[in-house]
Peer 1: 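My questions will all concern the structure given below.
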Amino acid sequence: MNSVRQLRRLRRAELPVDTVQLARYLIGKVLVHDLDSHRLSGRIVETEAYPIGDSAGHAFRGKTPRNRSLFLERGHAYVHITYGTSFLLNVSSEVPGVGAGVLLRAVEPLDGVELMAGSRGATRLADLGRGPGRLTKAMQVDLRQDGLDLCAAGPLWLAASAQVTGAIGKSVRVGLTRNVDRLLRFYERDNPRVSGPKRLRK
DNA sequence: TATGCGATATTCT
DNA sequence: GAATATCGCATAG
């Protein structure tokens with residue numbers, strides 16, 4: 001049943017060249033990770049933009065060994081560790097040499113739900129991909145995926161879904177201390193798979 | 001429901 | 001030494 005899901009690989013030319021537009025564009029798209037014998041996929045329901053010159057963004061102070069993937073052409077994966085414990089997945093969003101990206105904060109699991117649940121222990125099913133750290137754990141994304149081209153014929157890629165996307169809401173970003181006032185978080189409204197407090201899901 | 005804390009890689013002061 | 005784009009568990013109300 002899952003194998004008949006209609007997924008169409010996104011071409012780089014389809015991705016907006018602007019970070020904020022890309023963040024909004026990715027809502028309702030699908031993240032796919034092809035493993036040896038299984039497919040993991042999830043519908044993206046929450047993102048945050050970290051545009052050029054954003055003091056809350058990792059690229060703000062220039063290129064380092066950790067954040068170099070943010071400076072790749074749009075559509076590449078930037079994976080990093082935060083708080084020493086959680087992996088976070090971003091999509092680079094500008095032209096080569098410019099550091100900016102879109103953080104993927106939540107997915108609604110589609111293919112491979114049993115596998116995700118298995119690797120997640122007793123976590124509630126509804127929380128599998130709810131939150132940036134949980135998203136990477138469910139999708140089995142870690143530092144090995146850092147720098148991958150999500151628009152190439154690789155194991156990790158972006159797809160368009162036949163499913164209709166609901167109304168898109170906009171809010172402040174979550175968990176920041178700098179540049180907190182800008183409305184750079186996008187999410188599908190009233191979707192319970194979106195992370196954060198309830199007031200930030202409406 | 002809300003708040004606090006430990007784990008701990010990388011960068012900055 | 002301190003801060004950070006987090007999570008999961010503990011405890012309290």
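Convention: sequence-line order gives letters A, B, ...; per-chain numbering from 1. Small disclaimer: the values here were computed from a predicted structure and weren't measured.
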Peer 1: Among residues 172-185 of chain A, which residues get a heavy atom nearer than 4.0 Å to DNA chain B?
Peer 2: none
Peer 1: For A/Glu108, is there an ion pair with A/Arg43 - N to carboxylate O distance below 4.0 angstrom?
Peer 2: yes
Peer 1: Taking side chain as C-beta onward, heavy atoms only, is A/Asn67 less than 4.5 Å from A/Lys63?
Peer 2: yes
Peer 1: Starting from P on B/dT1, measure out to CZ on A/Arg199 and report it in whole angstrom.
Peer 2: 15 Å
Peer 1: So, is A/Arg105 close to the C/dT6 phosphate, meaning a side-chain N or O under 4.0 Å from OP1 or OP2?
Peer 2: yes
Peer 1: Considering only NZ, NE, NH1 and NH2 on the basic side and carboxylate oxygens on the acidic side, decide whether A/Glu14 and A/Arg9 come within less than 4.0 Å.
Peer 2: no
Peer 1: Write out a two-atom table: protein N or O, nucleotide N or O from nucleotides 9-13 of chain B, distance below 3.5 Å.
Peer 2:
unit_1 : atom_1 : unit_2  : atom_2 : d
B/dT11 : OP1    : A/Thr64 : OG1    : 3.1
B/dT11 : OP1    : A/Arg66 : N      : 3.2

Peer 1: How long is the line joining CG of A/Asp54 and P of C/dA5, in whole Å?
Peer 2: 10 Å
Peer 1: Without decimals, in angstroms, what is the distance between A/Leu128 CG and C/dC7 P?
Peer 2: 13 Å
Peer 1: Tell me: CZ of A/Arg201 to P of B/dT1, nearest whole Å?
Peer 2: 10 Å
Peer 1: Are the charged groups of A/Arg12 and A/Glu73 less than 4.0 angstrom apart, N to O?
Peer 2: yes
Peer 1: Do the charged groups of A/Asp127 and A/Arg193 touch, with an N to O distance under 4.0 Å?
Peer 2: no
Peer 1: Are A/Leu148 and A/His76 close enough that some pair of their side-chain heavy atoms sits under 4.5 Å apart?
Peer 2: no
Peer 1: Does the distance from a Lys or Arg side-chain N to an Asp or Glu carboxylate O, for A/Asp34 and A/Arg39, drop under 4.0 Å?
Peer 2: yes
Peer 1: Can you tell me which stems DNA chain B forms, taking runs of 3 or more consecutive Watson-Crick or G-U pairs with both distances under 3.5 Å?
Peer 2: B:1-7 with C:6-12, B:9-12 with C:1-4
Peer 1: Check this for me: does any side-chain nitrogen of one of A/Arg105 and A/Glu48 sit under 4.0 Å from a carboxylate oxygen of the other?
Peer 2: yes
Peer 1: C/dG8 P sits how many Å from A/Leu135 CG, rounded?
Peer 2: 12 Å
Peer 1: C/dT6 C1' sits how many Å from A/Arg130 CZ, rounded?
Peer 2: 13 Å
Peer 1: My understanding is that only one of A/Asp146, A/Asn90, A/Leu88 makes a side-chain contact (heavy atoms from CB on, under 4.5 Å) with A/Val79; could you say which?
Peer 2: A/Asp146
Peer 1: In whole angstrom, give the distance that lies between atom CG of A/Leu103 and atom P of C/dA5.
Peer 2: 10 Å
Peer 1: Using the P atom as the reference point in each nucleotide, state the distance between B/dA2 and C/dA5 in Å, no decimals.
Peer 2: 23 Å
Peer 1: Could you walk me through whether A/Leu40 and A/Val32 pass side-chain contact (heavy atoms from CB on, under 4.5 Å), step by step?
Peer 2: CA-CA 6 Å; A/Leu40 300 177; A/Val32 185; over 6 Å; no
Peer 1: When the distance from CZ of A/Arg124 to P of C/dG8 is rounded to whole Å, what number comes out?
Peer 2: 11 Å
Peer 1: Could you go step by step and tell me if A/Tyr50 and A/Leu176 meet the side-chain contact (heavy atoms from CB on, under 4.5 Å) rule?
Peer 2: CA-CA 11 Å; A/Tyr50 288 85; A/Leu176 305 188; 3.6 Å; yes
